[in-house]
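Down below is the structure, laid out as structure tokens.
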Amino acid sequence: MVGGGMGFDSTTLATVLPAVAELQELKAGMRVHCLALKAGYHSDVHVLTGLVSLYSKCKELETARLLFGHISQPDLICYNAMIAGYTCNNETESSVSLFRDLLASGEKVNSSTIVGLIPVSSPFGHLHLTGSLQTFCVKSGIVSHPSVSTAFVTVYCRLNEIELARQLFDQSKEKTLASWNAMISGYTQNGLTETAISLFREMMSEFSPNPVTVTSILSACAQLGAISLGKWAHGLIKSKNLESNIYVLTSLVDMYAKCGSIVEARKLFDSMTEKNVVTWNAMISAYGLHGDGHEALKLFTEMLHSGISPSAVTFLSVLYACSHAGLVREGEEILDHMVHNHGFEPLPEHYACMVDILGRAGKLEKALEFIKEMPVEPGPPVWGALLGACMIHKNTELARVASENLFELDPDNTGYYVLLSNVYSADRNFPKAASVRQVVKNRNLAKTPGCTLVEIGETPHVFTCGDRSHPQATAIYRMLDELLGKMAEAGFQTETVTALHDVEEEEKELMMKVHSEKLAIAFALIETAPGAEIRIFKNLRVCLDCHNATKFISKITERVIVVRDANRFHHFKDGICSCGDYW
DNA sequence: GTAGGGTTAG
């Protein structure tokens, strides 16, 4: 149809352009542009509007701006395209000033004008602008338009103003599937996974989930370790024939990996005919999460051969995998490769990962050297990685250096105080440890409460430290006592040094044994058949005592126990953990 | 014709 003197009209061109723009195919778009010029449509307002939109989406803002300037009498649609173009290229000021021109001309704006103005893609620093826009929309009544309120819900979620988003969502009279999706994904992206899932259940009475919904829900399952809901979603995907959607499949791979089924994840990954950089990243970081650094490196090489260009996240995933497998030389090579062969400037996250690699492997001085030589100012993730390494390798001197920086940069983060206190305890410097904890108390900082989730059948059970709220609490504690008895016979000693030290020894031991992970394991032992694998999920890093105890339990009960903590997976079998005790 | 909701790291 195209070229060769065959006839095609401006409508055809204007129809092709959005599809090309959606794919961000600049080269294809430029060919369409050439065709349009050859066919004499260089002043057709429809074609030009399509081109403005195309060049904006391909980050060719200058070209878009130029074309817009050539339109003698731009209509509202045209203005909308240019306004959206400025916004998605982070030129908020130009976007707003064009909007003002439009208003001043007396033209009535529509919902698309507003949607194009809301800084959804780069919201940071635009809370005030968003608020003013919202006021304008409330006054003009345009806020009742579903796409407008959905865009506001999205931007507030991205600004971590989840309450504001929810208010808007609740107030919107006409809710579309997109409105629900925006709110549900807002919750998952803010880590409020349970709220996301309950909202999803609410939604189900009004709408059938689409690929966007499924993607968000799978992400929630992955974060939570909710394998049964994840499997249910997998069934839904099959029944609704959503297996060709790359977002859906990528999040499915991620869900299986984060719920402990790395084999299932890999099977799915291998079966995918289309894979993008995110798909590869998900699979690479899955291996990192499970401590298989070599497989992660292998996959990274395969990725390069497949012709997919790695992103900054790819390198982070590979580095992360190296750190959890103790692959120091490989990590250094990857970072070097990233800079010299791929032309990436390392982000602070890459530096933090490298510090983690060196520190975790015990090369603490080298890590400090690395920090000093970094061309960017080290932030909390960098010092945090060093502090974590000091904890593993019991280096109080460097821990002091790291934490001094951390307390200055991020004074309200209790995790760092807990880490430092644990370093001192490990060094048996109890007065120092106590004084660090006192700071937390004095400043009234809230500690994140630890909790562990275990699924029995389809039902998730959540335990907190010292939890007695479970209906089977009595049986659980009895099982725990029985286990502790057998463990003591096998030589297990409660590790109190990393716990609280302002309580009596006996009391300490009492508190230790009721950590949420031990309760969850005891419960799972009661509820599952002998020999069955046990999987538990903890929101924080597993403590040294629980890690040690789980080794003993795996041996005594002859069970494989898989623990996912905030950092990674631990596979316990026969008294040994796959992490090699460096976690 | 312009326009709202989605996956990966930490």
Side-chain angles (χ1 to χ4, degrees), chain A residues 10-11 13-18 21 44-54 56-57 74-85 87-88 109-118 120 145-155 157 169 175-186 188-189 209-219 222 245-255 257-258 275-286 288-289 311-321 323 347-350 352-353 356 379-382 384-385 566-567:
Chain A
S10 63
T11 318
L13 281 171
T15 321
V16 168
L17 281 169
D44 184 292
V45 68
H46 296 165
V47 172
L48 287 172
T49 302
L51 287 169
V52 166
S53 171
L54 170 97
S56 303
K57 283 190 183 159
D75 59 4
L76 177 64
I77 314 285
C78 222
Y79 268 99
N80 288 355
M82 195 63 237
I83 288 171
T87 305
C88 77
V109 303
N110 66 11
S111 62
S112 306
T113 322
I114 304 299
V115 172
L117 265 168
I118 301 174
V120 172
H145 201 288
S147 62
V148 171
S149 61
T150 300
F152 276 119
V153 167
T154 307
V155 76
C157 286
F169 174 78
K175 290 189 185 71
T176 61
L177 181 54
S179 326
W180 286 91
N181 287 342
M183 198 62 237
I184 291 169
S185 77
T188 55
Q189 284 162 7
N210 74 352
V212 180
T213 327
V214 172
T215 305
S216 292
I217 283 305
L218 284 171
S219 166
N245 186 305
I246 194 158
Y247 283 88
V248 167
L249 287 179
T250 301
S251 43
L252 202 54
V253 166
D254 182 56
M255 185 280 291
K258 291 207 176 124
K275 299 184 186 89
N276 63 19
V277 60
V278 182
T279 316
W280 285 93
N281 292 352
M283 197 64 232
I284 290 171
S285 52
L289 197 65
S311 67
V313 176
T314 312
F315 288 103
L316 264 175
S317 307
V318 180
L319 289 173
Y320 170 77
S323 94
L347 297 171
E349 292 92 329
H350 293 108
C353 229
D356 192 49
V382 169
N567 283 332

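Sequence lines set the chain letters: A, B, ... in the order given, protein chains first and strands last, and positions in each chain run from 1.
Judged as a side chain to side chain contact (heavy atoms under 4.5 Å, CB included), and not counting sequence neighbours, the contacts of N245(A) are P211(A), Y247(A), V248(A). Taking the side chain to side chain donor-acceptor pair (under 3.5 Å) definition, one finds that T87(A) meets it with S95(A), sequence neighbours left out. Residues that satisfy the side chain to side chain contact (heavy atoms under 4.5 Å, CB included) test with P380(A), not counting sequence neighbours, are L406(A), L409(A), D410(A), Y416(A). With sequence neighbours excluded, the residues forming a side chain to side chain contact (heavy atoms under 4.5 Å, CB included) with L249(A) are L252(A), L268(A), M272(A), listed by chain and number. Evaluation of the side chain to side chain contact (heavy atoms under 4.5 Å, CB included) rule for N110(A) yields L76(A), N80(A), S112(A), T113(A) as partners, not counting sequence neighbours.
When heavy atoms are screened at a 4.0 angstrom cut-off, V120(A) is found touching the sugar-phosphate backbone but no base atom. Contacts of V248(A) with the nucleic acid, taken as non-hydrogen atoms under 4.0 Å apart, include base atoms. Contacts of K57(A) with the nucleic acid, taken as non-hydrogen atoms under 4.0 Å apart, involve only primed sugar atoms and P, OP1 or OP2. Among the heavy atoms of the strands, none lies under 4.0 Å from T213(A). Backbone-only contact: K258(A) has heavy atoms under 4.0 Å from sugar-phosphate atoms and none from a base. When heavy atoms are screened at a 4.0 angstrom cut-off, V115(A) is found touching the sugar-phosphate backbone but no base atom. Residue contacts for L177(A): at a heavy-atom cut-off of 4.0 Å it reaches a base atom on one of the strands shown.
Scanning DNA chain B 5' to 3' for nucleotides with an atom closer than 4.0 angstrom to a non-hydrogen atom of chain A gives a first and last hit of dG1(B) to dG10(B).
Side chains of T279(A) and T250(A): a donor-acceptor N/O pair is present below 3.5 angstrom, by distance only.
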